[in-house]
Amino acid sequence: MSYLFKIVKCVLLGSFMLAFSGGSVFAQSNSELDEIIVTATKREERLQDVPMSISVLGEDVLEISGITDSRGIADTIPGITFSQAANNLNGAFIVRGIGTALNQDQLASPVAVYLDEMPMVASKSTLKMDFSLFDAAQVEVLKGPQGTLFGAGTLAGAVRIISNKPDPSGFSYKIATDIGSTSGEMRQRYNGMVNIPISDNAAVRLVAYASEDDGWVTNISTGADPSNKVSNIGFKAALGWQINDRFNANFSYILQETEVDDGATINPALGEDSRSGLGDEATEIEVQKFNMTLAYDFGFAELTSSTNFSENDGSMDVDLSNALGNLFPFLLHREPDDEAFVQELRLVSNLDSRFDWVLGAFYLDRDTDVIETFYVTQAWVDGRGKGPIGNTITFLGRDNAFIYGGPVPNSYEETAFFGELGYQLTDSLKATLGFRTGDMENSNSRPAGGSSVLGSFIGPVVFMGASSFNPVPYQAGTYEPGKTSNDVIKLSLAWQMNDHVNLYTTASEGFRSNEINRSAFVRGLDGQFGSSGLDPNDPIIIPQVSASDKLWNYEVGMKGRWDGLSANISIYRIVWEDIQLSAQRGFGDPTSFITNAGEAESEGIEIELLANPNENFEFGLNVALQDAKITELSEREAIMVGAEIGSSLVSPDVQVSGHFQYTMPLEGGKEAVGRLGYSYTDALPNGFENVVGNPNATNPRYTMTDAYSKLDFSIGLNSDKWSVALYGENILDNDDSIFVMQQTFFANAHMTLRPRTFGIRVSMTQ
């Protein structure tokens, strides 16, 4: 990639020359770009003044581009990708290459997602909902670690959804529909918002949405065509109350439910958009979240209290038969439950002086219970001809359960103090120091009873034809590793070179909390904790608790803004140490665990250009070039995780997105708008290349995803009260594999873009 870096460095030098010239090339533009305000530093600031890389999608861009979910965000913004095994399943953003495998079901996501003040993702749950972007004022993507202000969940960055707030100045509403067709299969979206003033200083804002997507995948085993239907319904209520000139209160409640009839991954060997399995791999998830934000202005500073409570309940079914060579039906039903309480207090200075600051305290208490059962089908039992299987039970509504047990509670508690101190060294030069210090504590317990060893079932029942087996019970116990501490800092220097250009350099640190390996507390065939239930020669799972991983992000950049042009460019280098990795015990054993291994580096350049040469035309171009690889790894670590020095992380070398938009004013205040959007994502690896436990053997499931491109368009007519637009998504009908699972569990391992879709969007507003 060195030649690419040379090219972009030339672009960067050219931009600096443009900055010194005062932007005279664009001074005659007839159209000014709208000023963008962000709250990434816990205070309102102009985007161009914040000394770090932030990408913003405004409400108008979200609507005209039809961006409704996380993949739409990732396709538009450089340096970020979105990995998801299926709707609701293991969704995670990957920023600047900081990720190690697709479909990581045990590790906390390296990127946090927030809705206003609310953390939105239950990091330790396999089920992770994609939230609606309807009525969002903007989406802010903070690239690079945000450990000082946002904590442990922001190893590589944060995605912040900023919603429209209740407005007491007047009544308003918005109704929006989207009806689309994918090869005759319908997609329906219905959204509504009403803003109701209840006094001169208070208002209620209610939002409701429902969608139904018939899907496009055929399950040849069940005969469902399409099988991957997704249904979604949600509600949000917000109350905003300006109690007096100093005191402001906001309350919000969110309820969202999503049901997925079957997975969206396919098996290309079965034909186009086809999958197979012993049943539907259905998921259901319900999320409820409550937030209370109170703000009091003392004059010299504003004190904000954010109180959050969330509850996530879900269920999922997975066919794991492929993990054991389809020896017998091997099905999993899991029901995770996650509850979290988050409290943050912060004091943000208001004084007009050279010195500004943010000081705060943070507390998180999360409890995650997972209850699951492994079971076989009744058809397999009936077809054996050897009598019924003894010692199985009906558990969680599933017959023939042979590995089962009560809920496995996992608790996580975090307490932290944080702050950022800024000082205006000169009229044009500002230095900022950020810090965070905190304690984290994990605990895990397992109840006695149930069955815990797969080998006790396979031997007597499958090979010897026995009608019963003797399950090895779970061993009760609680593991509390005690508190661990993490301290991170951030340093930045920003130089307002002239009225148009801000240059900055930043060094920032991020981290993730330590993790408990639940499988390390299950006895194997030899009776030892952490040993295999299939082969006593398989590796023993160690450690019982992984350590935190950390990274440093070093970044220099330029933010330029002229009348009709904005140009943001950043160059970064990331050093990631003690990487938390999800390792598999052996190629034939589905048991996985978390370990720390090695070091990685990621280097890259990101460019965002937006131009309005006149009132009719708008051009946008985003480019990200990155190179992320393992740089240090011991021999033992290489065996455990299947990587080697030089292994690539799951990041594309090149990402490009852009758009062209033409707006034509019409009589009566109306306007016609046409937009063409394009995105390209280079191929990326689906994990590491070697078999776990045998670094000399190539993992047969290791592969590269396809490089893929996506072309969308919309043509619409707008007025002050309504809008209507015809659109096409993926109009070139790209069917490349954008996601490939590496895990041996799944026969249906590939995912493609949604096929070519045409539709109409209509909205009414007041």
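- Taking 4.0 Å as the cut-off between side-chain N and carboxylate O, E729 and R754 do not count as a salt-bridged pair.
- The backbone N or O of Y209 lies less than 3.5 Å from no partner atom in the side chain of N191, so there is not a single donor-acceptor pair.
- Judged by distance alone, with hydrogens and angles left aside, the side-chain atoms of T505 form a donor-acceptor pair with the main-chain N or O of E555 at under 3.5 Å.
- Evaluation of the side chain to side chain donor-acceptor pair (under 3.5 Å) rule for S723 yields S763 as partners, not counting sequence neighbours.
- H659 NE2 to T76 OG1: the interatomic distance, rounded to the nearest 0.5 Å, is 10.0 Å.
- Using modelled atom types, no side-chain atom of N228 and backbone atom of G215 make a donor-acceptor pair closer than 3.5 Å.
- Under the 3.5 Å distance criterion, the side-chain polar atoms of K559 are matched with a main-chain donor or acceptor of L47.
- Salt bridge status for E63 with R761: absent, with no side-chain N to carboxylate O gap under 4.0 Å.
- When the shell of 6.0 Å around CD of Q766 is examined, it contains more than 12 heavy atoms from other residues, nucleotides or ligands.
- By the side chain to side chain donor-acceptor pair (under 3.5 Å) test, N730 pairs with no residue at all, sequence neighbours left out.
- Salt bridge R43/E420: absent, no basic N to carboxylate O contact under 4.0 Å.
- Here F617 and Y662 bring their ring centres to under 6.0 angstrom of each other.
- Taking 4.0 Å as the cut-off between side-chain N and carboxylate O, K165 and D116 count as a salt-bridged pair.
- To the nearest 0.5 angstrom, F660 atom CZ is 5.0 Å from F619 atom CZ.
- Under the 4.0 Å criterion applied to side-chain N and carboxylate O atoms, D213 and R187 are not assigned as salt-bridge partners.
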